[in-house]
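Take a look at the structure below.
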Amino acid sequence: MSQNLRYLQLLSQKFPDIPSVTTEIINLEAIMELPKATEHYLSDLHGEYDAVSHVLRNGSGNIKEKIREVFQERLTKQEINQLATIVYYPQEKLQVLTQDMTDGEKQEFFTTTISELVELGQFVVSKYTRSKVRKAMPKDMAYIMEELLFKDSILSNKEDYYHDIINNVISLGAADRLIQAFSQLIQELVVDHLHVLGDIYDRGPAPDKIIDLLMKKKSLDIQWGNHDIIWMGAASGSRLLLANVVRICARYDNLNIIEDAYGISLRPLLSFAEKVYRDADLNGFMPKIDPDLIHLPEESKQIARMHMAIAMIQFKMEKAVIDRHPEFQTDDRLLLDKIDYDKFTITIDGKVYPLENHSFPTVDPNNPYQLTEEEEWVMEKLQAGFLNSEKLQKHIAFLYSKGSLYKVYNDNLLYHGCIPMNPDGSFMTIPIAGENLSGQALFEKFEQILRQAYKEEGSKENPCLDYVWYLWQGEGSTLFGKEKMTTFERYFVVDKETHEEYKNIYYEFRNHSQHVESILCEFGVDPQKGHIVNGHTPVKERKGENPIKADGKLLVIDGGFSKAYQKTTGLAGYTLLYNSFGMQLVTHQPFSSIEDAVVNEKDIVSTRRVVDKELDRMTVRQTDVGIALEEQVIDLKDLLNAYRNGTIKPYIK
Ligand SMILES: O=P(O)(O)OC[C@H]1O[C@](O)(COP(=O)(O)O)[C@@H](O)[C@@H]1O
Ligand SMILES: [Mn+2]
């Protein structure tokens, strides 16, 4: 029996006769004619949970847009804002709105709000099949929501019917719950698929809460960022990457992510730092404190001591990897042996610079990279903490399962960082584990290494972790794309010329369509149709930089969520929406607080720029999902023929 026939026989178990095959073909054809569902792109979330959560709640302004489309003629601007806020924060907003209402006022408010949500809901769900909408409904309210969303058109007196249902809901005390359920459904369906282009971790206070939020999303993919892979490496057992992670948390006053969110004890580091760095000069290591948080001066000093202690451990540990891999060409990161510990100067590229900070209590000038016994002990404890944190391991497993280094989706190429390039426009070749690789093959190799490192999590020998470190700060890394990472210089040398991190020429070439097209071709994407969506580098709009590059072929959507970087960008960055009408780049203002969003209805979307407009509205048929459905239809048509010509008999159970 041919393979195809065997496959059709299997298929016949699911569609056992001509009517069932026919129904399925009609069904799939109908789905393919629906408008393309909306994709939402975010990047560089950097632990800013409240802002990210807001942008996900408002679908980058998509919800308000839909409200306007439905109610433009009937609601005032203020009413539109209020309804939008209810959809974003139903629980919180209802509480604020109804607290002083009389029963009569409440009755009226609930009736109006539920009716408006039903109407908005009908508009939003019209793009989807009924079964998809049903699946997205909160279970406890599904029956009633279906009644309200779908049954009205066949009734002659819809107003009365509505009011009966709504009155019943209100009298049963379930109005709040129904409003929440509708808001949830609208939020969920206004965006069909989410792309997160990396850097979920570092700098901001709550990356763990962002991951929890992402874990609830039904349809998403993640392209890892350089700040994500250091957590992935740390969770796989790399002491060096772990030191980077702890250092950055200390720098941004976020050590509680490690201690409270992930339950990893920092006691060993604290007691070590308190003892050894007690009298150290803490210049350059005081944490960047969120002005909203108040610390006791002693508390800040404790953090600074831990910060300094872990930074020094990191600089020492880098030596082993650098020595193991001369091909990384990272020798210029070996700086502890370039210090004159009597004069407190350092020689970099032949030039002598004074050191900002003279405290090196753990460094033996004759053997500067040697960890002290206590430093070893601290690292052993921290490593065990990272390996044993159930929550961290769960989050990292999620990153691995939903993530990759790059993705091609609906003719677009998505990645966080860059494709390292040479000045002549060719792709830079990097020696990795005995192979010389460039372009797409380089991405593939790095990804394979990352996955292997995680498979060997916790094993004593895990050579892949050296490459994960290279991905964090190597010149040929697709996640970094700078000549070097000048972390040491930034802490210890005042002269800013030593801080410079020259960017790979990719960042220049990405402005020009011929280079962008050659990258798209490298990844098998049709350059006429496709775009590159890129994160990683904050767009300095204030200085006139445009996030839309290469004649609209490349979009930089560094979300700029990171508060620390908003000074540079002048705003809170970008997100991208791609719906059946085309692509739109959305600009955001800094997010102030949930309270401001709920009480004052402050939204943060400022402008939308159309990147590409479809001439005809795009349908599902033109998407990756459509291609897969088309293939199913072909198989079903084969099955139909097989029934008709008798090759296969209808299946009888
Ligand atoms: O602003 P900080 O915390 O000093 O970080 C600076 C470092 O972060 C990096 O920019 C990497 O982080 P990004 O991926 O966010 O750019 C390094 O190149 C640089 O050395
Ligand atoms: Mn980055």
Side-chain angles (χ1 to χ4, degrees), residues 23-41 56-71 83-84 86-88 90 114-154 158 162 178-195 214 216-221 409-410 576-584 614 616-633 636:
T23 311
E24 183 65 3
I25 293 174
I26 293 170
N27 191 11
L28 295 181
E29 288 287 351
I31 292 176
M32 286 191 279
E33 285 315 307
L34 288 170
K36 170 195 178 301
T38 303
E39 293 166 59
H40 193 189
Y41 294 72
L56 290 179
R57 285 164 193 266
N58 77 6
S60 281
N62 216 8
I63 288 186
K64 203 172 266 178
E65 182 98 352
K66 300 262 187 270
I67 296 179
R68 280 199 206 102
E69 278 177 60
V70 178
F71 298 104
L83 184 60
I86 292 174
V87 178
Y88 310 158
I114 294 172
S115 312
E116 286 168 355
L117 289 176
V118 170
E119 214 177 321
L120 179 64
Q122 285 170 334
F123 184 61
V124 170
V125 307
S126 62
K127 263 184 149 176
Y128 299 104
T129 61
R130 223 190 255 192
S131 93
K132 178 152 178 161
V133 176
R134 212 174 283 136
K135 279 189 205 133
M137 287 175 178
K139 293 244 164 351
D140 60 328
M141 286 284 147
Y143 177 74
I144 206 138
M145 291 171 89
E146 244 190 292
E147 257 336 80
L148 290 167
L149 282 175
F150 299 123
K151 290 273 172 74
D152 67 315
S153 55
I154 50 164
K158 120 178 160 191
Y162 263 178
L178 184 60
I179 291 174
Q180 279 171 34
F182 266 117
S183 302
Q184 201 179 319
L185 180 76
I186 292 165
Q187 273 187 33
E188 188 141 317
L189 292 182
V190 113
V191 164
D192 183 56
H193 186 87
L194 181 65
H195 304 284
L214 297 180
K216 291 192 196 123
K217 294 282 160 197
K218 293 207 171 70
S219 183
L220 96 158
D221 52 64
Y409 193 100
N410 286 343
L576 185 70
L577 287 168
Y578 182 20
N579 62 22
S580 57
F581 296 106
M583 277 185 150
Q584 297 163 346
E614 293 296 329
D616 296 310
R617 199 171 180 193
M618 246 179 121
T619 59
V620 173
R621 196 181 291 280
Q622 291 151 281
T623 66
D624 290 352
V625 170
I627 292 168
L629 294 181
E630 196 92 60
E631 281 167 9
Q632 284 179 38
V633 169
L636 289 165

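- The aromatic rings of Y409 and H193 sit parallel, their planes meeting at an angle under 30°, below the 60° perpendicular limit.
- For Y128, the ring pair (Phe, Tyr, Trp, His ring centres under 6.0 Å) test picks out no residue, with sequence neighbours left out.
- Atom CE of residue M32 and atom OG1 of residue T623 lie 10.0 Å apart, to the nearest 0.5 angstrom.
- Note: L149 CG to I144 CD1 = 11.5 Å, rounded to the nearest 0.5 Å.
- Taking CD of E65 as the start and CG of N62 as the end, the distance is 6.5 Å to the nearest 0.5 Å.
- When each of K36, K132, K127 is checked for a salt bridge (charged side-chain N to carboxylate O under 4.0 Å, His left out) with D192, only K132 meets the rule.
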Stepwise salt bridge (charged side-chain N to carboxylate O under 4.0 Å, His left out) test for E188 and K217 | CA-CA 8 Å; E188 188 141 317; K217 294 282 160 197; 5.9 Å; no
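- In this structure, the side chain of Q184 does not engage the main chain of M137 through any donor-acceptor pair within 3.5 Å.
- With a 4.5 Å cut-off on side-chain heavy atoms, Q622 and N410 do not count as touching.
- Side-chain contact between L117 and L178 is absent, with no heavy atoms from C-beta onward closer than 4.5 Å.
- Atom NZ of K135 is separated from atom CG of L189 by 12.0 Å, given to the nearest 0.5 angstrom.
- Side chains of V87 and L120 form a contact here, defined as non-hydrogen atoms less than 4.5 Å apart.
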